[in-house]
Amino acid sequence: MTTPRAQVRPRTEGWTQKKDADGRPLLQFASPRRGKPPAHFADLTPEQRVEKMSELGLPAFRAKQLEKHFFTHYTHDPAEMTDLPAEGREELVHTLLPPLLTEVRRLSTDRGDTIKFLWKLHDGALVESVLMRYPGRITLCVSSQAGCGMNCPFCATGQAGLTRNMSAAEIVAQVVHANRAIAEGELGDPRHVGHEGERVTNIVFMGMGEPMANYARVMHAVRVMVDKKHGMGMSARGITISTVGLVPAIRKLTNEDIPVTFALSLHAPDDELRDEMIPVNSRWKVDEALDAAYEYFAKTGRRVSIEYALIKDMNDHGWRADLLAEKLNARGRGWVHVNPIPLNPTPGSVWTASDRPVQDEFVRRLETHGIPTTIRDTRGKDIDGACGQLVATEADQEAAAATPVEA
Ligand code: SF4
């Protein structure tokens, strides 16, 4: 039996949480209407790409050539596509592979092992991606929406609200640009580190946005990433899709037959606190989200990750670790892994990471209950690139204003 203790209520300062007509935290599921991003070749299925060629009076194999240039050679520059007929090449490439992301800033840290990119989209919306080199893998944290409509009060992205959904091609383009940066030696010269030809191996959908709120486009992007013949040929297991618990979308994902890694950002095991920390909990409670996560494991055999931001005095109590373990074990053994993540404080916030002994105790309790637990690396901390921190700062906004959109 656990002994409930007084809740530590989330408090915000200098920011008022948007509320709906009933006075509850506002949830934005629908993307505000804005001009659509330019139609792009990567938004099409392989069949549609071939149809497009035929519409343009071109042979089907041109589709394959463009796929190679964009997904494998990471270019949308007609000058680099010498296998396409010179006549009409510029126009063809500009129509099918329009530039989607204009680079505003690139910040490098961790001795060059981490790069944060700030991108401006065609309509001026800003998004970020973070590229991280680890021993044996290169991970890119991608954004799936400009802003986020889930309104989690501890999260910098959520505080800014949802600007719009990103298109599938805008999501894929983040990977293409990252691969290009790696090929150009930006993440350490590949020849010096002995990994010529290396590229992004792992994707985590933990940048800006709630990926499950932009389901169709995120899944299209994932299909492009894993397609060996017509896309990037990445391993689905290296792709992690996270959600704060949009249960119907988790169920859809369960039936997709793409063995991605699924992560549930739980952050609290009890509804009383989670209702406040994660407003979407008012729609789907902790137990429903955990049931859906367990079904993902049961159907796919893929072990689920539970993400748990450890926030000092808010959700880091020992009894909460016990309650979490109890709820996970009630559903079975060996199906789940918990990743506590010491919170990266956002500037001006009173919330901060739990103290080290508290983190250790939280982990110890989970492990005592037989739950595999790993404190997650908070790489990118010094460039505000860790999860829940991706938000355009004032300096970013100024730099963006001075950067014309590539056309
Ligand atoms: S924690 Fe995730 S879901 Fe919540 S507001 Fe931030 S980005 Fe959105």
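Throughout, residue positions are numbered sequentially from 1 according to the sequence presented. Both counts, for ligands and for their atoms, begin at 1 and track the order of listing. Worth knowing before you read on, the calculation uses all heavy atoms, side chains too, and leaves out hydrogens, waters and symmetry mates.
Checked against side-chain contact (heavy atoms from CB on, under 4.5 Å), T300 has the following partners two or more places apart in sequence or in another chain: Y296, R302.
When G158, C155, P211, P279 are checked for heavy-atom proximity to atom 6 (Fe) of ligand 1, C155 turns out nearest.
In this structure, F71 has its ring center no closer than 6.0 Å to that of H230. A centroid separation of 6.0 Å or more is found between the aromatic rings of H220 and Y215.
Residue contacts to atom 4 (Fe) of ligand 1: C148 brings no N, O or S atom closer than 2.8 Å.
Atoms of ligand 1 found under 4.0 Å from any heavy atom of V244, numbered from 1 in the order shown, are 3 (S).
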Would you mind writing out the side-chain donor-acceptor pairs for residues 160-170 within the sub-3.5 Å range, not counting sequence neighbours?
residue, atom, partner, partner atom, Å
R164, NE, D123, OD2, 2.7
R164, NH1, E170, OE1, 3.0
R164, NH2, D123, OD1, 3.3
R164, NH2, E170, OE2, 3.0
N165, OD1, Q145, NE2, 2.8
S167, OG, E170, N, 3.1
E170, OE1, S167, N, 2.8

